[in-house]
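These notes are about the structure you will find just below.
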Amino acid sequence: MNIVVCVKYVPDATGDRHFESDYTVDRVGVDGLLSELDEYAVEQALRIKEKLDDESTVTVLSVGPEQATDAVRKSLQMGADAGVHVCDDAIAGSDALGTSFVLAKAIEKIGAESGWDLVVCGMASTDGSMGVVPAMVSERLGVPGVTLGSEITVENDTVRIRRDGDTATETVEGTVPLVLSVTDQSGEARYPSFKGIMAAKKKPMQTWSLSDIGVETNQVGLSAAWTSVQDTAARPPRTAGEIVTDEEGSGARALVDFLASKKFI
Amino acid sequence: MSEVLVLVDHVDGAVTKPTTELLTIAARLGEPSAVLIGSTDAVEVATQTLTKFGAAKIYTVDDAETKDFLVSPKAEILAQLVARTSPAAVLIVSGGEGKEVAGRLAVKTDSGLITDAVDVQAEEGAPVTTQSVFAGNYTVQARVTTGTPIITVKPNSATPEASEGAGVTEAFTPTVSDQAKTARVTASEPRKASGRPDLTEAAIVVSGGRGTGGDFAPVEGFADSLGAAVGASRAAVDSGWYPHSFQVGQTGKTVSPQLYVANGISGAIQHRAGMQTSKTIVAVNKDEEAPIFELVDFGVVGDLHAVLPAATEKVTERKG
Ligand SMILES: Cc1cc2nc3c(=O)[nH]c(=O)nc-3n(C[C@H](O)[C@H](O)[C@H](O)COP(=O)(O)OP(=O)(O)OC[C@H]3O[C@@H](n4cnc5c(N)ncnc54)[C@H](O)[C@@H]3O)c2cc1C
Ligand SMILES: Nc1ncnc2c1ncn2[C@@H]1O[C@H](COP(=O)(O)O)[C@@H](O)[C@H]1O
């Protein structure tokens, strides 16, 4: 089975994330990393490959600025076989529709070169967190989308997941080729081993521009985006509240008085 | 006036509160048209509620043929209704399923998509949405510039207003492609109802974290005294103390209640992402340095195992 994993390079959530003057997310001037939620996607792809124990391959694909190579490299260190980085100045500022378009085109090119059976995505990116790209990629590729899997099994051509919905736990399945997305409940992601880090240096890694995948520069990016940001504002910091220290029941009393003063009781 | 399509979220015809919120928002933007996909029985139950909250039109779609398939058929049905009605906007409840339907619909109709709006207002041209991003540290105002504005809206983003609509029902028969029937739900086990309010809709949420040490009884007891929903941090969920469907945060639910009470939760950025926009925040934590105290309107430094049972007793007394 040839597996493609989509991984995103995102600003570090614990750092100072902010917007540029054109309201796009600053992806260059801040520390970034492989989105933690996409590590789960790499992990599941590797587990599927290991389970099948055949000629299966795992190719990681990232669309993003130059530094996004880091996200691809980390995935290779974890154990993926090959990497593709789509990098082009014209991509900056793309929204989900644009990103999914570029991803779909790149997956088609990977498919033309070596074939693909399964695309694995994370549940959402930790910065945009729209959680819509996997469904959009599935729609664009015209293949089923089996999304938000918390437990994944692959048997022959069938991918089956457990999906913890809001009102029910469901079993969902589809036949490859398809797009799968996995949650952070699917299984702890591995750390790159020393051996993995050394091996990654020799793994094939390609960088593609938009013209390599047959996308015109005016089809994507900020100016072609389907949505436009009018304004952004930092949320005013919450003003410090009252803190009391509990001493023999005083805490509970003060807490209930506070709730009553706010009419919650 | 243009129609505004609202995809109805319901369980066997019981219309969810967020759907009534969407109808209220739809009335700001145009004429609310509900899109009700379900069984004939469900349709009968739902129609009343939808009319009560202002639906001028209700498109009913029988789901006998499509209900075992994931979201694709819903997206196709909506795409066909968009083509037919050229609506001013399509509103969908934000949630795993709603966002996927919206994503597919956006691709199908080549339209812009805005997810997780917390407010939508009518403006010249296209509605303007407000979103809360980067763990709630920023608010963003945006609009769709291409195609039909497709907007997913978070629960609790508007106060549902009862205002009798015409409620004219029209059966719509879509053509659902075989392509949309490929990801199949083969089994479904309904989750046991907790008897408490729904987490994302509740006015009050009381949560527990690693500090509970695995004993959620004090958290549940306090929640029940306030008529609140119970939430949990990922640490509590990962330890197997509470089911994942109650997780609050980046990879769980986002809640925005009137009151959020965090107990034994440190206040990591990923947890904040799910609760930072709550109106009033209260915390009980034994560590006075815990970052959660930076957010609170009121905090108690103390052991939750002592503070919560005592507070529960006092609340019950007052209510008594
Ligand atoms: C990609 C990603 C996604 C994530 N998504 C989420 C998410 O959706 N939701 C989420 O919650 N986390 C999420 N996390 C995890 C998050 O980073 C934290 O690890 C987690 O929120 C910590 O949970 P906690 O506050 O319960 O535990 P801790 O950080 O261990 O805090 C426990 C707190 O309890 C206090 N305490 C201990 N004993 C008592 C007592 N007897 N009485 C009172 N207080 C006591 C301690 O002082 C401490 O402050 C995510 C992490 C990543 C990397
Ligand atoms: N720029 C990107 N490059 C590669 N994969 C992406 C990119 N953006 C999103 N994805 C994939 O789509 C998933 C959901 O992203 P999102 O819809 O942005 O929350 C992520 O977990 C990734 O697997």
Side-chain angles (χ1 to χ4, degrees), chain A residues 13-14 17 19 37 96-97 100 123 126 129-132 135-136 139-140 142 144-148 164-175 178 183-185 225-235 238 241-246 249 251-256 258 260 262 264-265, chain B residues 11 70 95-96 99-100 102-104 106-108 111-115 128 134 136-147 179 182-191 204 226 244-245 250-251 259 269-270 280 282 293 295-302 306-307 310-311 314-315 318-319:
Chain A
T14 54
R17 295 183 290 183
F19 290 97
L37 293 173
L97 279 136
S100 64
M123 65 188 287
T126 54
S129 208
M130 289 177 80
V132 295
M136 285 181 169
E139 188 73 39
R140 290 195 185 281
V146 172
T147 48
L148 299 176
D164 297 322
D166 285 341
T167 52
T169 298
E170 295 168 332
T171 308
V172 179
E173 60 180 52
T175 311
L178 58 75
T183 72
D184 62 339
Q185 301 290 303
W226 283 253
T227 48
S228 113
V229 173
Q230 315 281 300
D231 198 9
T232 66
R235 168 176 282 274
R238 296 188 82 103
E242 187 190 349
I243 315 268
V244 302
T245 301
D246 179 46
R253 223 172 298 128
L255 171 60
V256 174
F258 172 80
K262 294 280 181 191
F264 288 118
I265 304 171
Chain B
V11 182
L70 230 47
K99 285 205 267 191
E100 266 181 53
R104 288 180 181 278
V107 171
K108 279 183 197 299
S111 297
L113 165 66
I114 289 173
T115 56
V128 169
F134 293 162
N137 285 334
Y138 277 84
T139 56
V140 170
Q141 239 106 44
R143 73 200 311 173
V144 167
T145 48
T146 306
Q179 167 66 37
T182 42
R184 181 187 283 273
V185 180
T186 54
S188 178
E189 198 182 307
R191 187 154 302 115
I204 305 180
L226 294 169
H244 179 252
S245 52
Q250 188 187 341
T251 54
L259 171 65
I269 180 94
Q270 295 90 351
T280 300
V282 169
F293 285 128
L295 298 183
V296 301
D297 298 286
F298 190 84
V300 179
V301 180
V307 175
K314 289 203 165 52
V315 173
R318 281 196 193 225
K319 284 194 167 170

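Below, chain A is the first sequence line, B the second, and so on; all start at residue 1. Since we're looking at a predicted model, the values are computed, not measured.
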For [X], is it the side chain, the backbone, both or neither that has a heavy atom under 4.5 Å from a heavy atom of chain A?
X	result
B:Ile269	side chain
B:Ser111	backbone
B:Val282	side chain
B:Glu189	both
B:Asn137	backbone
B:Leu259	both

> Looking at OG1 of A:Thr171 and CZ of B:Arg184, how far apart are the two atoms once the value is rounded to the nearest 0.5 Å?
Replying inline: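 Reported to 0.5 Å precision, the distance equals 13.0 Å.
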
Are side-chain heavy atoms of A:Asp184 and A:Met123 found at a separation under 4.5 Å?
->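 Side chain of A:Asp184 against side chain of A:Met123, heavy atoms only: contact under 4.5 Å found.
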
Validation row: B:Thr251, B:Gln270 side chains within 4.5 angstrom (heavy atoms):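 Of all side-chain heavy-atom pairs linking B:Gln270 with B:Thr251, none is under 4.5 Å.
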
Looking only at heavy atoms and a cut-off of under 4.5 Å, which of [options] has the most pairs with chain B?
options	result
A:Leu178, A:Val244, A:Leu255	A:Val244
A:Thr169, A:Thr183, A:Thr175, A:Asp164	A:Thr169
A:Gly145, A:Ala225, A:Ser228	A:Ser228
A:Gly174, A:Gly142, A:Ala96	A:Gly142
A:Thr232, A:Val229, A:Thr245, A:Ile243	A:Ile243
A:Gly165, A:Gly249, A:Ser100	A:Gly165

- Candidate list A:Leu148, A:Val146, A:Thr147, test side-chain contact (heavy atoms from CB on, under 4.5 Å), partner B:Leu70, passing option: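 When side-chain contact (heavy atoms from CB on, under 4.5 Å) is applied between B:Leu70 and each of A:Leu148, A:Val146, A:Thr147, only A:Thr147 qualifies.
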
- Counting heavy atoms not belonging to A:Lys262, are there more than 12 under 6.0 Å from its NZ?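 Check fails, neighbour count at 12 or below.
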
>> Counting only heavy atoms from other residues, nucleotides and ligands, does the tally under 6.0 Å from CD of A:Gln230 exceed 12?
In response: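 Yes, enclosed.
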
Angle between ring planes, B:Phe134 versus A:Phe19, binned at 30° and 60°: parallel, tilted or perpendicular?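 B:Phe134 vs A:Phe19 ring planes: parallel.
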
- Please confirm whether the backbone N or O of B:Arg143 pairs with a side-chain atom of A:Thr227, one donor and one acceptor, at under 3.5 Å?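 Checked: no pair found.
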
- Query: Are any side-chain N or O atoms of B:Lys319 and backbone N or O atoms of A:Ile265, one a donor and one an acceptor, separated by less than 3.5 Å?
  - Reply: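 Checked: no pair found.
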
Checklist line | B:Gly103 to A:Val132 - nearest heavy-atom pair and separation | finding: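 What the structure gives for the nearest pair is CA-CB, 4.5 Å.
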
Self-check item: Shortest non-hydrogen contact from B:Leu113 toward A:Met130
Solution: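 Nearest pair, atom of B:Leu113 first, then A:Met130: O-CE, 4.0 Å.
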
Counting only heavy atoms closer than 4.5 Å, note whether [X] contacts chain B via side chain, backbone, both or neither.
X	answer
A:Leu97	side chain
A:Met136	both
A:Phe258	side chain
A:Gln185	side chain

Heavy atoms only, distances under 4.5 angstrom: which of [options] has the most pairs with chain A? Name it, please.
options	value
B:Gly302, B:Pro190, B:Ser245	B:Pro190
B:Ala310, B:Ser188, B:Gly147	B:Ser188
B:Ala187, B:Ala306, B:Ala183	B:Ala187

**Pairing residues for B:Glu100 by the salt bridge (Lys or Arg N to Asp or Glu O under 4.0 Å) criterion, not counting sequence neighbours** =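 Expected list: A:Arg163.
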
